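Everything quoted here is computed from the prediction, not taken from an experiment. Numbers here simply count residues along the sequence, with the first being 1.
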Amino acid sequence: MAWFKRLQNASPEQRYNFEIGLEHDSVHWEELDEDLSLESFFDFNRQLNYAKI
């Protein structure tokens, strides 16, 4: 969760309110304005450039 500040700061209800992308390769949280590819969940070597929320 530390990598995904919007998810970390969200309530459990907000985190559970998600949609799987049409190609089943992404997750979208409408209320949180967050979109993550499944690849991003497992890319431990990437540099984070997310906006500070």
Side-chain angles (χ1 to χ4, degrees):
M1 286 289 193
W3 285 6
F4 310 110
K5 293 296 182 187
R6 288 184 177 151
L7 295 178
Q8 184 178 32
N9 295 329
S11 70
E13 292 81 16
Q14 288 173 311
R15 284 193 292 269
Y16 292 136
N17 187 19
F18 64 89
E19 298 175 353
I20 303 295
L22 294 175
E23 296 183 23
H24 305 283
D25 63 350
S26 63
V27 184
H28 174 71
W29 290 264
E30 179 72 31
E31 184 178 355
L32 302 175
D33 191 30
E34 183 70 275
D35 295 281
L36 297 173
S37 68
L38 292 182
E39 182 179 288
S40 70
F41 285 103
F42 302 103
D43 186 1
F44 301 113
N45 295 316
R46 69 189 160 94
Q47 183 168 359
L48 299 175
N49 293 310
Y50 294 114
K52 293 183 181 183
I53 301 170

Heavy-atom pair of closest approach, residues Glu34 and Arg6 = OE2-CB, 3.5 Å
Could you give the distance from CG (Asp33) to NE2 (His28), rounded to the nearest 0.5 Å?
-> 7.0 Å
Separation between CZ of Arg15 and CD of Gln8, rounded to the nearest 0.5 Å = 8.5 Å
Which side-chain N or O atoms in residues 17-27 pair as donor and acceptor under 3.5 Å with protein atoms at least two apart or in another chain?
none

